[in-house]
Amino acid sequence: MNATVAEHQDREISRYLCIGCPMGCRLEVEEADGDIVEVRGFSCRRGEAYAKQEHIAPQRMVTTTVRVENGLWARLPVKTTDAIPKELMWDLCEKLHELTLKAPVKMGEVVLQDALGTGVDVVSSRDMPYRES
Amino acid sequence: MLTANVDRLRSDYDVVVVGGGPAGMGAALAAKEAGAEKVLMVDREKEAGGILLQCIHPGFGLHHFKEELTGPEYAQRYLEQVLETDIDLATDSYVLDIDKNNRVKLMSGRHGVREIETKAAVLAMGARERTRGAIRTPGKRVSGVLTAGLAQKFVNLMGVLPGNRAVILGSGDIGLIMARRLTLEGVEVVGVYEIMPHANGLNRNIVQCLHDFEIPLHLSTTVVDIHGQDRLEAVTVAPVDGFTPDLSRSQTIPCDTLLLSIGLIPDNELARQLNLRFDPVTRGPLVSSTMETSKNGVFACGNTVHIHDLVDFVSQESELAGHNAGLYVTGQQPPPDNVRLVPGENVGYCVPQTISTDRDHTIYMRVRKPMENCVLRLGDVYEKKIRYVFPAEMVNVKVRPKFLQNFHGDNLRLDVVPQEG
Ligand code: SF4
């Protein structure tokens, strides 16, 4: 939820839903001339920090699957080793869709190195044993 | 390797664990550690790991492993521990029955139908998803209507997409997570419809699975009709007032897939066959503080007992069940419980349902309604302030014997009430 409303010429309020706990506080970040001037709506410090991070540079861990041949299953679950900028999520998934691996694969094995130049690797999140197809 | 091809199947065991998911693995390991020599874990899938194997997203293990893992990683960590022991693992196998003399009837792809003697059993079969019948969704019987968890298995393990344009009914976490999964796989997710005025899933999932992908969440709205010949063609949704749909404001949405994310119930078929006593609220078997059911030597843990929201607590509870199954077969059982816990104000249920005043206990419970600044009371022997409680989040409380020592009654009431003043 990051609806941005122009209140004055140079003041912008962005809204976020805090994910820190089930309270789900509705957070507001007010920006003036490109700087955060106020964060509102949080009930604890974690919410304040989250609002700033989400506002400045939202990041996400990405988990998806990659096609695998001769495996116990047809898909191998993979994950980024760290969070990547949120806007790169789509491109990364598209890139991973192009891959086809061959079983066996080990947990932690690098599937895609330095994904999209982020410095973050994509690794397998399980062993995938070989199976005669 | 997640699949141990354990060939050995003995004719008698100390402990047979039914289910190889997180609950089963935790119980089998703990039983072994507590002194059970011969332990068998039975799973109906082709590998152990249970539902975790298809939950490819992160968010698991923060309590148990002190780091954030994906489901498959959590499963593999556990299974690696199991494989370091001499616990036997029978995959592709079903427990058909456990008779009153604790003889287990097993059907296995590898071993055929076998009868096995066991001193103790642990039920760890997990949960089932509520289906369309459970909420009596009207309309046609067409293909394309499936539970969110089944769709998750199709997509994440088998690499099969359920359709091209999906509507999700229910805002449980599995549904929210599938909204993101399907979107990333190129399926158009039209929206999530929730009959309640609030979402059921975690905020984290609302933000990262819906908002991130601009998938709308429609609260107080439900599916009132299902259209199509063989395959689903559209659903009609309408806003509800309480539980009564306002058909004058209904809307028909073309889609070929309807995912149901309307909750889980304990998989208790085997428990019913065993004639165990049940808790009508959890719909799982009643358990004592050692996780023993109403039948001696039969223990239960995990989603078979009550639905958990964190696998970490499943692990905790299963270790307790397995530990006590191990003590049971080695004749070291603790004294029986002497106090019954009674859910009182704003407490839907609690597990275990009985405790003993001579030792530590972790009591898990669910509240009926959200409450802020409240206090959890255990009779007048113990109280704890809690900032907030939500029905979707299990509450757990540790009680030490020093609070219970001076209690001499039979029933202890559990209440969650507002703080005074
Ligand atoms: S601000 Fe604090 S209290 Fe509010 S949702 Fe976030 S973590 Fe919870």
Side-chain angles (χ1 to χ4, degrees), chain A residues 1-3 15-27 43-44 47 50 54 58-69 71-83 86-87 89-90 92-94 96-97 100 104-108 123-131, chain B residues 1-5 45-47 49 52-59 68-77 79-80 153-160 177 180-181 183-186 198-199 201-208 210-214 217 309 370 372 387-393:
Chain A
M1 197 182 279
N2 33 17
R15 299 193 166 86
Y16 304 95
L17 174 67
C18 185
I19 64 170
C21 81
M23 296 273 287
C25 293
R26 285 167 197 280
L27 308 170
S43 312
C44 76
Y50 171 78
E54 271 294 281
Q59 293 193 321
R60 298 288 185 265
M61 288 274 298
V62 178
T63 54
T64 182
T65 62
V66 174
R67 209 173 304 114
V68 58
E69 284 175 356
L72 185 65
W73 296 103
R75 289 289 184 280
L76 175 78
V78 298
K79 65 164 197 175
T80 52
T81 50
D82 213 337
K86 184 170 125 178
E87 66 275 12
M89 225 166 14
W90 284 103
L92 180 62
C93 284
E94 217 160 273
L96 290 167
H97 276 159
T100 301
V105 181
K106 282 274 166 208
M107 178 162 81
V123 298
S124 162
S125 27
R126 60 166 288 176
D127 288 0
M128 183 59 73
Y130 175 82
R131 187 161 84 160
Chain B
M1 274 253 299
L2 283 180
T3 43
N5 290 318
E45 283 292 334
K46 55 188 175 185
E47 60 177 347
L52 285 171
L53 297 172
Q54 65 187 59
C55 300
I56 65 165
H57 51 280
E68 187 167 10
L69 302 171
T70 63
E73 288 172 310
Y74 192 101
Q76 186 162 339
R77 290 248 184 135
L79 197 68
E80 280 169 0
K153 182 176 181 180
F154 284 161
V155 176
N156 291 347
L157 297 177
M158 294 152 75
V160 178
I177 278 163
R180 170 174 64 187
R181 269 310 282 150
T183 308
L184 284 173
E185 291 294 325
H198 53 81
L202 298 171
N203 293 321
R204 166 184 167 127
N205 289 331
I206 299 203
V207 171
Q208 301 194 351
L210 301 187
H211 296 172
D212 276 6
F213 300 94
E214 286 160 21
L217 169 62
D309 30 60
E372 272 185 60
R387 231 186 96 208
Y388 55 82
V389 290
F390 290 88
E393 208 191 20

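Proteins come first, then strands; the chains are lettered A, B, ... in the order of their sequence lines, and each starts at number 1.
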Under a 4.5 Å cut-off applied to non-hydrogen side-chain atoms, are M61(A) and T70(B) in contact? no
Side-chain touch W73(A)/K46(B), heavy atoms, less than 4.5 angstrom: yes
Heavy-atom cut-off 4.5 Å, strictly under: side chain, backbone, both or neither for E372(B) against chain A? side chain
Gap between atom OG of S125(A) and atom NE2 of H57(B) - 0.5 Å precision: 11.5 Å
Please report the interatomic distance CG(D212(B)) to CH2(W90(A)), rounded to the nearest 0.5 Å. 10.5 Å
Answer with side chain, backbone, both or neither: which region of V160(B) has an atom nearer than 4.5 Å to a non-hydrogen atom of chain A? neither
In terms of heavy-atom contacts, does CD of E214(B) have more than 12 from other residues, nucleotides or ligands at under 6.0 Å? no
Per-residue contact mode, M23(A) against chain B (heavy atom under 4.5 angstrom): both
If you round to the nearest 0.5 Å, how far is NZ of K79(A) from CD1 of I56(B)? 12.0 Å
How long is the span from the CG atom in L157(B) to the OG1 atom in T65(A), to the nearest 0.5 Å? 9.0 Å
Are E47(B) and R126(A) within salt-bridge range, i.e. N to O under 4.0 Å? yes
Are P58(B) and T63(A) packed together at the side-chain level, in the sense that at least one heavy-atom pair is separated by less than 4.5 angstrom? yes
Pick one of side chain, backbone, both or neither for L210(B), based on which atoms fall under 4.5 Å of a heavy atom in chain A. neither
Could you look at L184(B) and say if it's the side chain, the backbone, both or neither that has a heavy atom under 4.5 Å from chain A? both
Backbone N/O of R60(A) and side chain of Q208(B): donor-acceptor pair under 3.5 Å: no
Starting at OG1 of T64(A), measure out to CD of E185(B) and round the result to the nearest 0.5 Å. 4.5 Å
Which bit of E393(B) is near chain A, if near means a heavy-atom gap under 4.5 Å: side chain, backbone, both or neither? side chain
Tell me, out of R180(B), R181(B), E68(B), M158(B), who's got the most heavy-atom pairs with chain A below 4.5 Å. R181(B)
Output for pair (N156(B) CG, L76(A) CG), nearest 0.5 Å, gives 11.0 Å
Test log, rule side-chain contact (heavy atoms from CB on, under 4.5 Å), inputs F213(B) and M89(A): CA-CA 11 Å; F213(B) 300 94; M89(A) 225 166 14; 3.8 Å; yes
